[in-house]
Amino acid sequence: MTTDTTTAEATAVSTPGETVLDARGVTMRFGGLTAVRSVDLTVNSGEIVGLIGPNGAGKTTFFNCLTGLYTPTEGEVRYKGTVLPAKSFKITATGIARTFQNIRLFSNMTVLENVLVGRHTRTKEGLWSALLRGPGFHRAEAESKARAMELLEFIGLDHKAEHLSRNLPYGEQRKLEIARALASEPGLLLLDEPTAGMNPQETRAAEELIFAIRDKGIAILVIEHDMRFIFNLCDRVACLVQGEKLVEGTAAEVQGDERVVAAYLGEPFEGDPGAAEVAEVEAAEAAAAPETTTPGTTTPEAATPTTPGESTSKENDR
Amino acid sequence: MTTTQTTTTVTAPAPTAPTTRGPLTLPPHIARATATAGGALTIISAFLAWTWTSAFPGDLTVYGYPGGLQWLVLVSGALLALFGLSSYGIKGLTWLTPQGADPAIRLASYAALATAWFSIIAISVSLGGVVNLEPGAYVAAIATLIGWIGARSLPYERPENHPADPEDSGFEQFKHNLSNRWTTYKSAFATNSARPAKPLPSYIEILIVAVVLALGLVVFTYGISTEYDELFIGFLITAGFGFAAIQKAGLIQRVTTLTARHRNVTLVGAFVAAAAFPFTQSDDQYATIGVNILIFATVALGLNIVVGLAGLLDLGYVAFLGVGAYAAALVSGSPTSPLGIHLPFWQAILVGAAASMVFGVLIGAPTLRLRGDYLAIVTLGFGEIFRIAVLNLDGTSGPDVTNGSNGISSIPNLSLFGFDFGATHTIGGFTIGRFANYFFLMLLVTLIVVVVFRRSAESRIGRAWVAIREDETAAEAMGINGFRTKLIAFALGATLAGLAGAVQAHVTYTVTPEQYQFAHAVPPNSAFLLAAVVLGGMGTISGPLIGGALLFLIPNKLQFMSDFQLLAFGLALVLLMRFRPEGLIANRRQQLEFHEKDEAPATLTKAGA
């Protein structure tokens, strides 16, 4: 049996600035409903790109088009110049790895085994190799194990390698999911709401982890609802609204964009709410999020006077 | 069991559980002595005469030598006495009870009590009254009762129960009290975490493993060769309670660590022990059972790859056994085979395995696109299609391939390297009959299946199977080709069944469609195979082997209840799933899965089982 274990460097490192992911005119229709309408998005190597949008904007549908769960009705997605295959397991082999919004670890496998499963596409030993146990088998197993332990060390879970993954605390499960995705040595990592359900400390740790992954030369695309997290993290942010890409740019540009604010919070209400109410809301929001406001721009939630009812809609998104 | 109240000052029972101590409760130090003495007395009673006539099987009339059921009472009494002595901290014996002796004493006392009283009642009933009992029987009854009273008076940590709400309806209160009592009762069997074993020299560890395997052989041989119903039921009682006691003592866990450390030694030892079985038999009577158990257990182990590892519920697995058997029978040179060719055995077994593999792929390719219940139903359908198709390929309804319901009969015996499997041989003074010959051959096949199972489970492909079982979507996202991986599991399982089928055809002389049904009174059939896997323990090697042995032996031995067999079988399954969902031999993984809260450790020391 052929045994072939490619090393991390083969796929992970690419020249900076090279386009890793190139989605052109991606449209996804379900019957009469157009969930995603001709969205273009590029991700370059060494870059963290955020994808935001209100609930139902088509983020996850677009994400599923990238990961092979859906085949786009129109348009195409290229990874490093090649059109993505239609099966999700083939996409992983080409170099795109993903995590899930609701954690989907193999809960009755150990932490180490979870990461080893992530190595599946980078190892080739089939059934015969497993049954005959030639020297190549042992070498590949040892190599996989070493690589998996390296990754566990990277996310700080090496001391828990023999624990069942279901027994890990929530934050560590999220980390393990990222390690499992990294084990497939991707050139692009797709993170679906990596901080959902995390407390502020865990969110900060996740931020650091994502930066560290970026420093390894892996491009990252993040879907997130936590605006503070995404604007800290991303080099570029794209905002999807009702299936269409509304705006794309740096965090500051997107934050300042009127349309984004409108999409999240709605247009200013015609019948002007009482001035006292507006002041109250503004004061409360300023108190809640003073540190995120960069000079010259304001966060979307603090930008416009809104009715109290609408101002909570953003909070519900989280 | 997080809310346990520590009542180590045992003389004062916990105020919240006041009513559970009956009139027969002794102070703790006396209780311990009583239990141990009860065990010793039980041993003595086994040497006395229990009845005056040898009309009851086993001849219990002799003073000074135990017979039949008395042996079982002797063993359970010895177990009780051993654990009792061990609880006194006697050097060397404490090794037997790493998790504390008291729960083990309690269960051993149940073993002694149940076995002795069962024997006495069986004697009285079959001979027509208690007048037929000799004093020895009364000694046994009283001795086991003493042991039991002593054991039940041992102190244990009582859980803090909430009293029933007085405003509830009577039935609610009754239910609540019942559940309180059940919790208290269960806590009597709660074990401490195991004391770490002192490191022993490697050769002693291997010696212990060998002794355990030898004991296993003795128990197994005894179970197979029980000659009458009473003895087998007594054996089940003793073995059941005894096994539970040993488990509670922590011995099983201790031995498991040893076998995990010396896995190859254990594997070889287990097969040497199994191969020794025919040498313990004077004639071929029980070797028949032995070889049938091996066939059944081996097929169950093959099914465990499909069900236990890959998580594919296959309800028509016996069809692959049938394909293998029919394929081997067709090329066996049987006069009723329409092919009329006679291949040597190694080719025949390969034909059987290959035919099963082809059918596995043919059936798997369309069905494995389904998940869960749908897959189960479709495989059930394919299993029946096989049987009915074979039934109809008789020359009238279809082409003449299988002779329909007559099957392919008079399959000639095998002959390998001049060794005629049909003849009786004498090896070193032991008579090895026809079935014993096939027993050795089948053991070889079992060994192959065990090695295939172990090696495939601990590899990239095995991890992919488990990943698919856990979460197919996530597994695909990790780059696992779900369909292909499942098809490999399905085809591998089918191939292994085909191997066993090729041997089975030669063992049984005849293959007929009726042997390969979904549910049938005689194993192997799909329902029993699945039950053997689930009952034994999914994803383990020893689980299906033990589950298969039990599921074959119990119906085979208890012929008198053949009318209620499926009922009893269903009842046993329900009870097992309620109280031990991970099966008799728990995969360490599953143990964690089902008993996360109670007693299982949080880590796996050895991945897999």
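Nothing here was measured: the structure is a model prediction, and the numbers come from that model. To find a chain, count down the sequence lines: A is the first, B the second, and so on, and within it residues start at 1.
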Might you confirm whether atom CG of Asn102(A) has over 12 heavy atoms from other residues, nucleotides or ligands at distances under 6.0 Å?
yes
Tell me, side chain or backbone of Thr67(A) under 4.5 Å from chain B's heavy atoms, or both, or neither?
neither
Between Ile480(B) and chain A, which part of the residue has a heavy atom less than 4.5 Å away: side chain, backbone, both or neither?
both
Distance (rounded to the nearest 0.5 Å) between His120(A) NE2 and Ile461(B) CD1
6.5 Å
Could you check which of Ser459(B), Gly462(B), Ala467(B), Ser456(B) has the highest count of heavy-atom pairs closer than 4.5 Å to chain A?
Ala467(B)
Looking at every heavy atom in both Asp471(B) and Arg104(A), which two are closest together, and how far apart are they?
OD2-NE, 2.8 Å
What part of Ile96(A) is in contact with chain B, defined as an atom under 4.5 angstrom from a non-hydrogen atom: side chain, backbone, both or neither?
neither
Between Arg133(A) and Glu458(B) the two heavy atoms that sit nearest each other are NH2-O, 3.0 Å
Looking only at heavy atoms and a cut-off of under 4.5 Å, which of Lys160(A), Arg180(A), Arg98(A) has the most pairs with chain B?
Arg180(A)
Calculate, to the nearest 0.5 Å, the distance between atoms CZ and CG belonging to Arg469(B) and Asn108(A) respectively.
6.5 Å
Euclidean distance, Phe89(A) CZ relative to Arg484(B) CZ, rounded to 0.5 Å
9.0 Å
Quick check: do Arg460(B) and Glu125(A) have side-chain heavy atoms less than 4.5 Å from each other?
yes
Taking NZ, NE, NH1 and NH2 as the nitrogens, is one of them in Glu476(B) or Lys90(A) under 4.0 Å from a carboxylate oxygen of the other?
no
Quick one: what part of Ala475(B) sits under 4.5 Å from any heavy atom of chain A, side chain, backbone, both or neither?
both
Apply the test salt bridge (Lys or Arg N to Asp or Glu O under 4.0 Å) to residues Arg166(A) and Glu470(B): give CA-CA distance (whole Å), side-chain angles for both, the deciding distance (0.1 Å), then the verdict.
CA-CA 11 Å; Arg166(A) 69 208 303 271; Glu470(B) 293 287 309; over 6 Å; no
Answer yes or no: are there more than 12 heavy-atom neighbours, outside Tyr374(B) itself, under 6.0 Å from its atom OH?
no
Spacing of Asn481(B) atom CG and Thr92(A) atom OG1 [to the nearest 0.5 Å]
11.0 Å
For a side-chain contact (heavy atoms from CB on, under 4.5 Å) check, start with the C-alpha distance between Phe106(A) and Val466(B), then their side-chain angles and the critical distance, and finish with the verdict.
CA-CA 8 Å; Phe106(A) 307 120; Val466(B) 178; over 6 Å; no
Closest heavy-atom contact between Arg463(B) and Glu113(A)?
CD-O, 4.3 Å
For the atom pair CG (Leu131(A)) and CZ (Phe453(B)), what is the distance rounded to the nearest 0.5 Å?
12.5 Å
Shortest non-hydrogen pair, Ala477(B) vs Phe100(A), comes out as CB-CZ, 3.6 Å
Heavy atoms from other residues, nucleotides or ligands near CZ of Phe359(B) exceed 12 (cutoff 6.0 Å):
no
